[in-house]
Amino acid sequence: MTQPRNGRRPLIVGRPALIMVDFQRGGAYVPGEENGIPRMSGSEERNRIGRTLVTAARASAIPVVFIQEVHRPDGIDFGRELDGREDVHCLEGLRSTEIAAEQVDFRPGDYLVPKRRYSAFYGTDLEILLKGLKVQTLILAGGLTDVCVHYSFVDAHQGDYYCRVVEDGVIGSSVDAHDAALRAMEYLQSGARRQSTEILRAFAAWKGTDAPLTQPLGEPA
């Protein structure tokens, strides 16, 4: 059976979730770098768009999942992460590693998935959470476009999720790497690249179109 190409499908297929990848405080320890990680400019604008997406998702009862990269202070869980351009980053207990709560409206009780690797799926309980929420479409924002967003997108794609990346809501390690990663994600799923304005319209249209995603424990679905 021939399946319709992704670009011809609705932006949201089934139930959606907003995946906020590594919206963390960071710290300007080295010029042009934050928390040991090179990155292109645009963090403030990305945070502004991220907060707008969170607000819209909450208003439409769409679950928001915050992803947080975090490493043990002794560095035992870095693995091969320091073999390239990146220096030590995202250590436990540092303010710079915390979710940028004020900037993106992270609240106590929100879904939070810590990770030790780039992908939000690798060695985490994200898959269990998404299955519990009966999610089919993932909307990804955050950073880095070419690292944690891309790796998470690929794992989601291989897990048969419909994936959308908010291209004005992500930043990369460089402009070239950012652009290349967006092209690579679009290659995997036609129509994956979306502007935040498209996502916001889709969130508004979603409101009230499906049953609640969760219910109190003990109550029938």
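Below, each value reflects all heavy atoms present in this structure, side chains not excepted, and no hydrogens, waters or symmetry copies. The first residue of the sequence shown is numbered 1, and numbering continues consecutively from there.
In plain terms, the two heavy atoms of Thr145 and Gly172 that are nearest each other are OG1-N, 3.2 Å. Listed here is the closest heavy atom pair of Pro114 and Thr124: O-CG2, 3.5 Å. Residues Asp155 and Ser119 come closest through the heavy atom pair OD2-OG, 2.6 Å. A pairwise comparison of heavy atoms in Leu18 and Ala57 identifies CD2-CB, 4.1 Å as the closest pair. Closest of all the heavy-atom pairs between Val113 and Ala120 is CG1-O, 4.3 Å. Of all heavy-atom pairs spanning Thr97 and Gln24, the tightest one is O-NE2, 2.8 Å.
Under a hydrophobic-cluster definition in which Ile, Leu, Val, Met, Phe, Trp and Tyr are linked whenever side-chain heavy atoms come within less than 4.5 Å, directly or via other members, Val21 and Leu133 are assigned to the same cluster. In terms of hydrophobic clustering, with Ile, Leu, Val, Met, Phe, Trp and Tyr side chains grouped at heavy-atom distances under 4.5 Å, Tyr111 and Val135 are assigned to a common cluster. The hydrophobic clustering, which links ILVMFWY residues whose side-chain heavy atoms are closer than 4.5 Å, places Val154 and Leu182 together. Criterion: ILVMFWY side-chain heavy atoms under 4.5 Å apart, direct or through other members. Under it, Leu112 and Val64 are part of a common hydrophobic cluster. Linking Ile, Leu, Val, Met, Phe, Trp and Tyr residues whenever their side-chain heavy atoms come within less than 4.5 Å places Ile171 and Val175 in a single cluster.
Of the possible polar contacts, one joining the Gln189 side chain to the Cys163 backbone as a donor-acceptor pair under 3.5 Å is found. Side-chain atoms of Thr137 come within 3.5 Å of backbone atoms of Val13 as a donor-acceptor pair (strictly under, hydrogens ignored). Looking at Gln103, its side chain never comes within 3.5 Å of a backbone N or O of Asn47 through a donor-acceptor pair. A donor-acceptor pair under 3.5 Å is absent between the side-chain atoms of Asp22 and the main chain of Gly142, judged by distance alone. Using modelled atom types, no side-chain atom of Arg116 and backbone atom of Gly123 make a donor-acceptor pair closer than 3.5 Å.
One distance of note links OG of Ser196 with CD1 of Ile139; it measures 12.0 Å at 0.5 Å rounding. Expressed to the nearest 0.5 Å, how far CG of Leu53 lies from CD1 of Ile62 amounts to 10.0 Å. With values rounded to the nearest 0.5 angstrom, Ile12 atom CD1 is found 8.5 Å from Ser60 atom OG. Atoms NZ and CG, from Lys131 and Leu129 in turn, are 11.5 Å apart once rounded to the nearest 0.5 Å. Interatomic distance, His157 NE2 to Tyr187 OH, rounded to the nearest 0.5 Å: 9.5 Å. Atom-to-atom distance recorded for Lys115:NZ and Cys148:SG is 3.5 Å, nearest 0.5 angstrom.
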**Request:** Verify side chain to side chain contact (heavy atoms under 4.5 Å, CB included) between Ser152 and Ile67, making sure each step is shown before the conclusion.
**Result:** CA-CA 10 Å; Ser152 299; Ile67 309 298; 5.9 Å; no

**Request:** Could you walk me through whether His150 and Val165 pass the side chain to side chain contact (heavy atoms under 4.5 Å, CB included) test, one step at a time?
**Result:** CA-CA 9 Å; His150 189 187; Val165 58; over 6 Å; no

**Intermediate values then yes/no, salt bridge (charged side-chain N to carboxylate O under 4.0 Å, His left out), Glu198 and Arg193** = CA-CA 10 Å; Glu198 296 178 85; Arg193 295 174 62 168; over 6 Å; no

**Asked** When you look at Val104 and Ile99, which way does the side chain to side chain contact (heavy atoms under 4.5 Å, CB included) test go after all the steps?
**Response** CA-CA 8 Å; Val104 295; Ile99 300 294; 4.3 Å; yes

**Message:** Apply side chain to side chain contact (heavy atoms under 4.5 Å, CB included) to residues Val54 and Met20 and explain how you reach the verdict.
**Reply:** CA-CA 9 Å; Val54 168; Met20 298 283 284; 3.5 Å; yes

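Ring-plane geometry between Tyr161 and Phe121 is classed as tilted, the angle between the planes lying from 30 to 60 degrees on a 0 to 90 degree scale.
Under the salt bridge (Lys or Arg N to Asp or Glu O under 4.0 Å) criterion, Asp105 pairs with Arg58, Arg107, not counting sequence neighbours. Residues satisfying the side chain to side chain contact (heavy atoms under 4.5 Å, CB included) criterion with Thr52, sequence neighbours excluded, are Arg48, Leu200.
Between the side chains of Glu167 and Gln195, a donor-acceptor pair is found at a separation under 3.5 Å.
Of the listed residues (Val65, Ile19, Leu126), just one forms a side chain to side chain contact (heavy atoms under 4.5 Å, CB included) with Leu138, and that residue is Ile19.
Cation-pi check for Arg51 over Phe23 is not met; the charged atom does not lie both under 6.0 angstrom from the ring centroid and within 45 degrees of its normal.
Dense packing is recorded around CD of Glu102, with more than 12 heavy atoms of other residues, nucleotides or ligands lying under 6.0 Å away.
Counting heavy atoms from C-beta outward, Leu140 and Val170 have side chains that stay 4.5 Å or more apart.
Using a 4.0 Å cut-off between charged side-chain N and carboxylate O, Arg194 and Glu186 make no salt bridge.
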